[in-house]
Student: 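Dumping the structure here so I can ask a few things about it.
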Amino acid sequence: MINKEVEKLLLKVQKPGRYVGGELNSVVKNKDDVDVRFAFCFPDTYEIGMSHLGMKILYSLFNEKPYIWCERVFAPWLDMEKLMLEKDIPLFALESGDAITDFDFIGFTLQYELSFTNVLNMLRLAKIPILSKDRKKLGQIVVAGGPCACNPEPLADFIDIFFIGEGEEADLEVIELYRKCRNENKTKDEFLRLASQIKGVYVPSLYEVDYNDDGTLKSFVPRDSAPAVVEKRLMMDMDKSYFPESFVVPNIEIVHDRAVSEIFRGCIRGCRFCQAGFLYRPVREKSVDTINAQCRALCENTGYDEISLSSLSSSDYTEIVKLLSELNLWAENDKVSISLPSLRVDGFSDDILSRIQTVRKSGLTFAPEAGTQRLRDVINKNVLENELMETCSKAFNGGWTKVKLYFMIGLPTETYEDVEGIANLAQKVVDTYYRCENKPKGKSVTVTISTASFVPKPFTPFQWYGQNTRGVLMDKQRHLKDSIKTKKINYNYHDADTSYLEAVFARGDRKLCRALELACEKGFHFDGWGDCFSLDSWLEVFEECGIDPDFYAVRERSLDELLPWDFLDYGVTKKFLLSEREKAYADSVTPNCRQKCSNCGAAKYGGGVCYERR
């Protein structure tokens, strides 16, 4: 139901479809018939937010409850934001057109550290106080979850409740508690104290923080019976875990414009740079029958003709060939293509290839991550060069002519020889194409290499590592560019400046709240977009707040230092992370979880890969 004031602005903005709502499968309720209104806010544009699977799951889950109305809210792009400020139109939800000041919960998903300014800017646009201490009443409860909640401290002054881990159960438990507290006329403080007792809930206002003279964390102490350690929530039985039969079908083209089916959570691999691989342990799979039924329902209810099988490593699904065979029984007749977006180099078998021939031949993507075997061993990638060449041969003989390879630069122990190794590896892929007898006739090969600057993240073996300086990262990017000797290789790289700011907030503490507050006052937003990001402006903010950003991004942490996220329990022990760090610096690999248990700690959850027969 479009707001009449908003409707007047639509001809003046680039993409009106971002703001009108009314899409197929969107949920509209009578607000007089619901007890709790939940504004699900994605701190980025409509096209990105509408591609996010977690939002689709929770939106449908909440709306299946007759007493909850969950609506979607996205960050307006620059043209729309300017008009909203000029016309004094507060941030609104798509389903009702109502300002989000009218909602009981304002929930944010934290997918990326550079979205933090958008979280605050969206509150500012909604005319809601950004500091939690300034929101006194039981209402407008600001909550947040997602992968970046694994270090919630840079947002601690703004968020009332963080959900740690997977949210399907904890979110509803907090909403039920809210209804009870409101009926009993309890205060916001009373509600928050009770909420802190729910497993997977962190209430930052209930913890006192103190610092040493050198700026490191001295103590982190709970009060009012809040738990000293907050343990993550997770869904152990994925067949019983909620999954929607339909998605909201967007009005305009979005980033991932297809149906998406989640096939498992977690990852067996243990790549030492990968935060998700540790946060979502243990691996928990859905059955073939469940996935097949969910895929078919989604295609029937949305009209999509492509379905993506989502996971951290799709080819590690134990019954991937059987699953693809079952899907193809109906997908081929219905002209639905199946894509596997996260294939491993060593998981691209002939069986898989033969079953994804329906995928458009636009290109295949693999992530060797490092250019030399030594460095791949450091990060525990467990991929061999000959495996990559064999995989590319299968792809080229199967009709593909484009391959994308993802790498990181700035990894621990990396040398310039390792950087050159990226160009050398890409050249070997080009050479492999021309050695293939069954390659497509009359077509040349294109190999695209993309590099991201490594950002050390919490709950990984590299959480203590100091990021390369921006100067070193940019020098490595130049060196790689100079090492490429053919036009058949394209090179894209991620800006080192944004990676630096990402590292600041990834390993930051509560002292960064003041910098975020000041950035909000100055109108910072969309830091992940080149149109808006300015590192120089951020450095001015840090200087004004008396903060040295190198302290968070570049400084090597001592192994006995109290880290800002040490009070959270994601199931992986610090002892295990330290042992993996030692093995990394010894160029030593760890077998994957199906080959051998490494006693990471996740077995305490009592299920998943930890209890499979090996």
Student: Drop me the distance from Asp527's CG to Leu535's CG, to the nearest 0.5 angstrom.
Tutor: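 It is 10.0 Å, given to the nearest 0.5 Å.
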Student: CZ of Arg18 to OG1 of Thr45: how many Å apart, nearest 0.5 Å?
Tutor: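 So the gap between those two atoms works out to 5.5 Å.
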Student: Could you tell me whether the side chain of Arg507 and the main chain of Gln463 form a donor-acceptor pair under 3.5 Å?
Tutor: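 Yes; at least one donor-acceptor contact below 3.5 Å.
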Student: Establish, from distance only, whether the side-chain atoms of Asp377 and Gln373 form a donor-acceptor pair under 3.5 Å.
Tutor: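 Yes, a side-chain donor-acceptor pair sits under 3.5 Å.
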Student: Any salt bridge linking Arg581 with Glu556? Criterion: basic side-chain nitrogen under 4.0 Å from a carboxylate oxygen.
Tutor: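 Salt bridge between Arg581 and Glu556, a charged N being under 4.0 Å from a carboxylate O: yes.
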Student: Looking only at side chains, do Thr413 and Arg374 share a donor and an acceptor under 3.5 Å apart?
Tutor: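 Note: Thr413 and Arg374 side chains meet the donor-acceptor criterion.
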Student: Under 3.5 Å, is there a donor-acceptor pair between the side chain of Arg284 and the main chain of Met238?
Tutor: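 No: the side chain of Arg284 does not pair with the backbone of Met238.
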Student: Give the table of side-chain donor-acceptor pairs shorter than 3.5 Å for residues 439-451, with sequence neighbours excluded, one pair per line with atom names and distance.
Tutor:
| residue | atom | partner | partner atom | Å |
| --- | --- | --- | --- | --- |
| Lys439 | NZ | Cys436 | O | 3.3 |
| Thr451 | OG1 | Tyr491 | OH | 2.8 |

Student: Please list all pairs passing the ring-ring contact (aromatic ring centres under 6.0 Å, His included) test where one or both residues lie in residues 402-429, with sequence neighbours left out.
Tutor: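 Every ring-ring contact (aromatic ring centres under 6.0 Å, His included) pair that includes a residue of residues 402-429, provided the two are not neighbours, is Tyr416-His479.
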Student: Keeping Ser60 on the side-chain end and Ile57 on the backbone end, is there a donor-acceptor pair under 3.5 Å?
Tutor: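 Between the backbone of Ile57 and the side chain of Ser60 there is no qualifying donor-acceptor contact (under 3.5 Å).
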Student: Can we say Asp497 and Arg470 salt-bridge, meaning some charged N sits less than 4.0 Å from an Asp/Glu carboxylate O?
Tutor: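 Salt bridge between Asp497 and Arg470, a charged N being under 4.0 Å from a carboxylate O: yes.
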Student: Output yes when a side-chain donor or acceptor of Arg376 lies under 3.5 Å from a complementary backbone atom of Ala370, and no otherwise.
Tutor: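 Indeed, once roles are kept as given, a pair shorter than 3.5 Å links the two residues.
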Student: Quick one: sort the His52 and Phe42 rings into parallel, tilted or perpendicular, breaks at 30° and 60°.
Tutor: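 Ring orientation of His52 relative to Phe42: tilted.
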Student: Do Asp44 and Tyr112 pair up side chain to side chain, a donor and an acceptor below 3.5 Å, judged on atom types alone?
Tutor: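 Judged by distance alone, the side chains do not pair up.
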Student: Find the distance between SG (Cys600) and CG (Leu577) and round it off to the nearest 0.5 Å.
Tutor: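 Atom-to-atom, Cys600:SG and Leu577:CG are 9.0 Å apart.
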Student: Is a side-chain N or O of Gln477 found less than 3.5 angstrom from the main chain of His494, in a donor-acceptor match?
Tutor: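 Side chain of Gln477 to backbone of His494, a donor-acceptor pair under 3.5 Å: yes, one is there.
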Student: Out of curiosity, Leu405 CG to Phe366 CZ, how far, rounded to the nearest 0.5 Å?
Tutor: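 If I round to the nearest 0.5 Å, the distance is 8.5 Å.
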Student: Taking all non-hydrogen atoms of both residues into account, name the closest pair between Val378 and Pro412 and its distance.
Tutor: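 What the structure gives for the nearest pair is CG1-O, 3.8 Å.
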Student: Ring centroid separation for Phe459 and Phe278, is it under 6.0 angstrom?
Tutor: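 Centroid distance Phe459-Phe278: not below 6.0 Å, so no.
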Student: If I take atom CD from residue Glu437 and atom OG from residue Ser393, how far apart are they, to the nearest 0.5 angstrom?
Tutor: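 Answer for the CD-OG pair, Glu437 versus Ser393, is 10.5 Å.
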Student: Using atom types as modelled and distance alone, determine if a side-chain donor or acceptor of Gln275 lies under 3.5 Å from a backbone N or O of Pro458.
Tutor: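 Looks like yes, one N/O pair under 3.5 Å.
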Student: By side chain to side chain donor-acceptor pair (under 3.5 Å), which residues pair with Tyr493, not counting sequence neighbours?
Tutor: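 Not a single residue meets the side chain to side chain donor-acceptor pair (under 3.5 Å) criterion with Tyr493.
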Student: Side chain to side chain contact (heavy atoms under 4.5 Å, CB included) with Tyr317: which residues, sequence neighbours excluded?
Tutor: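 By the side chain to side chain contact (heavy atoms under 4.5 Å, CB included) rule, Tyr317 matches Ile263, Phe264, Glu285, Val288, Ile291, Glu319, Ile320, Leu323.
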Student: Hydrogens and angles aside, do Gln294 and Lys286 bring a side-chain donor and acceptor to less than 3.5 Å of each other?
Tutor: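 The criterion, which ignores hydrogens and geometry beyond distance, is satisfied for Lys286 and Gln294.
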Student: Is the distance between the ring centroids of Phe533 and Trp529 under 6.0 Å?
Tutor: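 No.
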Student: Considering only NZ, NE, NH1 and NH2 on the basic side and carboxylate oxygens on the acidic side, decide whether Arg478 and Asp475 come within less than 4.0 Å.
Tutor: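 Asp475 and Arg478: salt-bridged.
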Student: As a quick check of understanding, evaluate ring pair (Phe, Tyr, Trp, His ring centres under 6.0 Å) for Trp77 and Tyr46, giving each step before the final call.
Tutor: CA-CA 9 Å; Trp77 186 241; Tyr46 177 93; over 10 Å; no
Student: Of the non-hydrogen atoms in Val260 and Leu298, which two are nearest, and what is the gap between them?
Tutor: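 Of all heavy-atom pairs spanning Val260 and Leu298, the closest is O-CD1, 3.3 Å.
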Student: What are the two closest non-hydrogen atoms of Asn292 and Glu326, and how far apart are they?
Tutor: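 Asn292 and Glu326 have their closest heavy atoms at OD1-O, 3.8 Å.
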Student: Atom CG in Leu58, atom CD in Glu166: separation rounded to 0.5 Å?
Tutor: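 Answer rounded to 0.5 Å: 10.5 Å.
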Student: Does the distance from a Lys or Arg side-chain N to an Asp or Glu carboxylate O, for Lys476 and Glu420, drop under 4.0 Å?
Tutor: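 So Lys476 does not pair with Glu420 through a salt bridge.
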Student: Around atom CD of Glu417, are there more than 12 heavy atoms of other residues, nucleotides or ligands at under 6.0 Å?
Tutor: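 Atom CD in Glu417 is not packed in, count stays at 12 or less.
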Student: Can you see whether Asp418 engages Thr415 through a side-chain donor-acceptor pair at a distance of less than 3.5 angstrom?
Tutor: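 Result is yes, a qualifying pair exists.
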Student: For Ala506, does its backbone N or O pair with a side-chain atom of Asn151 as donor and acceptor, under 3.5 Å?
Tutor: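 Yes; judged by distance alone, with no hydrogens or angles, the pair exists.
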Student: Please list, chain by chain and in numerical order, all residues satisfying salt bridge (Lys or Arg N to Asp or Glu O under 4.0 Å) with Arg72, sequence neighbours excluded.
Tutor: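 Applying salt bridge (Lys or Arg N to Asp or Glu O under 4.0 Å) to Arg72 gives Glu23, Glu95.
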Student: Do the side chain of Glu306 and the main chain of Arg258 share a donor and acceptor less than 3.5 angstrom apart?
Tutor: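 Absent.
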Student: If I compare all heavy atoms of Cys299 with all of Trp330, which pair ends up nearest, and what's the gap?
Tutor: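 Shortest heavy-atom contact: SG-CH2, 4.1 Å.
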Student: Judged by atom type as modelled, is there a donor-acceptor pair below 3.5 Å linking the side chain of Asn424 to the main-chain atoms of Ile484?
Tutor: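 No: the side chain of Asn424 does not pair with the backbone of Ile484.
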Student: In terms of ring plane angle, is the pair Phe462 and Tyr585 parallel, tilted or perpendicular, where the classes change at 30° and 60°?
Tutor: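 Ring orientation of Phe462 relative to Tyr585: perpendicular.
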Student: Please give me the minimum heavy-atom distance between Tyr552 and Val504, naming the atom from each residue.
Tutor: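 Reported closest heavy-atom pair: CB-O, 3.6 Å.
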Student: For the pair Asn592 (side chain) and Gln595 (backbone), establish whether a donor and an acceptor sit closer than 3.5 Å, ignoring hydrogens and angles.
Tutor: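 The answer is yes, because a donor-acceptor pair under 3.5 Å joins these two groups.
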Student: Does anything in residues 421-441 pair up under ring-ring contact (aromatic ring centres under 6.0 Å, His included), and if so which pairs, sequence neighbours excluded?
Tutor: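 For residues 421-441, and leaving out neighbouring residues, the ring-ring contact (aromatic ring centres under 6.0 Å, His included) pairs sorted by first residue read Phe396-Tyr433.
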Student: Parallel, tilted or perpendicular: which fits the ring planes of Phe454 and Tyr465, with parallel below 30° and perpendicular above 60°?
Tutor: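 Tilted.
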Student: Compare every heavy atom of Phe526 with every heavy atom of Ala75, then report the nearest pair and how far apart it is.
Tutor: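 So the two residues come closest at CB-CZ, 3.8 Å.
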